[in-house]
Number of protein chains: 2
Amino acid sequence: MSGEAENPGEIRPGGRTARTRESVCRSTLQVLAESGYAELTVERVAERSGVHKSTIYRRWGGIDGLVVDALAFAVDDDWEPDLSGNVEANLMEFARMALASFADPVYGPTHTAVVAAAFQSDRAVDAVHRFFADRFGRTSTIITRAIENGELPKNTDPEAVIRALMAPIYFRLFISRQSVTDVDLEQAVQAALAAAMAGVFENQERR
Amino acid sequence: MSGEAENPGEIRPGGRTARTRESVCRSTLQVLAESGYAELTVERVAERSGVHKSTIYRRWGGIDGLVVDALAFAVDDDWEPDLSGNVEANLMEFARMALASFADPVYGPTHTAVVAAAFQSDRAVDAVHRFFADRFGRTSTIITRAIENGELPKNTDPEAVIRALMAPIYFRLFISRQSVTDVDLEQAVQAALAAAMAGVFENQERR
DNA sequence: TGCGTAATGCGACGGAGGTTGCGTTTGTCC
DNA sequence: GGACAAACGCAACCTCCGTCGCATTACGCA
């Protein structure tokens, strides 16, 4: 039940293996887009992809593995934040982008599925960790740039600001289950900036 | 599959019905405390409670119904926030209390289960709505008191402040899956207060 | 081109989840 | 206390999830 092929003597990343992975991942994304995580089942992916059920269980170990790999398959690797404005504008742009990504018919359900799967699967938790480490890493340039420009205090922890910005959005989306309006985004940006400028996120010994 | 007894002509809240509900809810809480939401299954609750499987399916409709009712069964109805200090102290006290509740061996897993169930069940979503409406309602007195004392701007939206305080905590617990330290709590309190004092949460037309 | 083996296909199986019909118990009301 | 109906117990049943052993395919390499 822990899964992921037992790292056999040899690995064959060759043609067929790559084809089945692509087919399975595409089908997973399709099912997620159409019906959501609750309806996602291995057999359904097997049917649609033309890959046999047992193959999926062997290579991916279960639904959680499918979701994790589908996210890795769908993620955009070369994304960078827009730095053309001041901090506020750049953060607002990023917040809008993040919210829009959840509305995307493919990426939205997929990201949601990973968050949901993390409640039951350690592998999904790892995937979530990697995801946010990546997100925080990329977006931190918005903050470091702002520090250079004197818009924010020196020693401001970039990750803390981004987290303060994203937390209310994720909270409404996945916890309290309220709708997220543009006003909410503005409020989140203003709140994060106000706290940052007040020095709340200055590095003391935060890791 | 939608569940909840079809509202028959008559309802009997009498002795036996109440007993079975108590037994089932207690068993649900026990299983959640011991094994968590991932291991929670109707049959296991049926075994432990001595109530038959079919009865549970009929009255509760499924696992989501069990979780929702168990939360309602376990919730402390007469809780009120501590108002003995200034805003900062009161908020910090509340934040500590909230975090501690997640560490509680019974209440923690139960609340987590409801949040998890909300990813798949509309009934769980309703329960989450009710829960936060209640939480926001009770804790808003901390903010209104602070406004009266001149610690926060007039027209500050209490719910917005509480949400700004709670969001980072929930985010770390359930989304990014990072540990929550006392330093994080302080940072959350400071950030929410800084934003509130800067007027970010002043009522314009926020519902 | 041919060999060895990883990767996949295939079907069958055990088991758990969930539903249904029917008989029995137990509130509730007269 | 007796009758009616709701709530429950019981057992059978069906579907679906996940696993396993074995046959087949097609990479990788000589």
Side-chain angles (χ1 to χ4, degrees), chain A residues 1-28 31 35 37-69 113 116-117 120-121 123-124, chain B residues 1-28 31 35-69 113 116-117 120-121 123:
Chain A
M1 193 184 281
S2 54
E4 208 79 15
E6 272 60 323
N7 186 23
E10 264 176 290
I11 301 176
R12 292 184 177 179
R16 186 171 62 165
T17 300
R19 274 199 305 276
T20 59
R21 188 210 172 203
E22 172 151 348
S23 179
V24 167
C25 283
R26 282 196 193 288
S27 301
T28 301
V31 175
S35 314
Y37 179 63
E39 309 283 338
L40 182 67
T41 171
V42 174
E43 294 202 336
R44 216 167 136 184
V45 174
E47 269 187 69
R48 181 173 302 224
S49 65
V51 175
H52 200 269
K53 188 175 58 162
S54 57
T55 300
I56 298 183
Y57 277 110
R58 275 192 281 254
R59 277 188 57 180
W60 284 273
I63 314 179
D64 54 343
L66 277 181
V67 170
V68 169
D69 198 35
Q120 304 187 0
S121 157
R123 273 191 293 177
Chain B
M1 190 184 284
S2 54
E4 207 80 14
E6 271 58 324
N7 187 23
E10 267 174 286
I11 301 176
R12 291 185 179 178
R16 185 169 63 164
T17 301
R19 275 198 305 275
T20 60
R21 188 209 171 204
E22 173 151 348
S23 179
V24 167
C25 283
R26 283 197 192 286
S27 302
T28 302
V31 174
S35 315
Y37 179 62
E39 309 283 338
L40 181 68
T41 171
V42 173
E43 295 202 338
R44 218 168 135 183
V45 174
E47 270 187 68
R48 181 173 302 224
S49 65
V51 174
H52 201 271
K53 188 173 60 161
S54 58
T55 300
I56 298 183
Y57 276 110
R58 276 192 276 256
R59 276 189 57 178
W60 284 273
I63 314 179
D64 54 342
L66 277 182
V67 170
V68 169
D69 199 34
Q120 304 186 1
S121 157
R123 273 191 292 177

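Here is how names work: the chains are called A, B, and so on, in the same order as the sequence lines, proteins then strands, and each is numbered from 1. On a predicted model such as this, the values are computed, not experimentally measured, just so you know.
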Specify the separation, in whole Å, of atom [atom1] of [X] and atom [atom2] of [N].
| X | N | atom1 | atom2 | value |
| --- | --- | --- | --- | --- |
| R58(B) | dT24(C) | CZ | C1' | 12 Å |
| R59(B) | dG27(C) | CZ | P | 13 Å |
| R19(A) | dA26(D) | CZ | P | 8 Å |
| I56(B) | dC8(D) | CD1 | P | 10 Å |
| E47(B) | dG9(D) | CD | C1' | 16 Å |
| Y57(A) | dG15(C) | OH | P | 17 Å |
| E39(A) | dC16(D) | CD | C1' | 14 Å |
| L66(A) | dG18(D) | CG | C1' | 13 Å |

Establish whether the base of dG17(C) is bridged to the side chain of K53(B) by a donor-acceptor pair shorter than 3.5 Å.
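No, the side chain and the base share no sub-3.5 Å donor-acceptor pair.
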Looking at T20(B) and dC8(D), is any side-chain donor or acceptor paired with a base atom of the opposite kind under 3.5 Å?
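Absent.
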Close side-chain approach of R59(B) to R21(B), heavy-atom, < 4.5 Å:
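Yes, side chains in contact.
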Just wondering, do V45(B) and L40(B) contact through their side chains at under 4.5 Å, heavy atoms?
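Yes, side chains in contact.
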On DNA chain D, compare the nucleotides closest to T41(A) and H52(A); which residue's is nearer the 5' end?
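Nearest nucleotide further toward 5': that of T41(A).
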Any side-chain N or O of T55(B) under 4.0 Å from OP1/OP2 of dG9(D)?
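For dG9(D), OP1 or OP2 has a side-chain N or O of T55(B) closer than 4.0 Å.
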Quiz question: by atom type and distance under 3.5 Å, do the side chains of R48(B) and T28(B) form a donor-acceptor pair?
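No pair is found: no donor N or O on one side chain lies under 3.5 Å from an acceptor on the other.
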For S35(A) and R44(A), test the side chains for any donor-to-acceptor distance below 3.5 angstrom and give the result as yes or no.
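S35(A) vs R44(A): donor-acceptor pair found between side chains.
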The side chain of E43(A) is closest to which nucleotide in this list: dC17(D), dG18(C), dT8(C)?
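That would be dC17(D).
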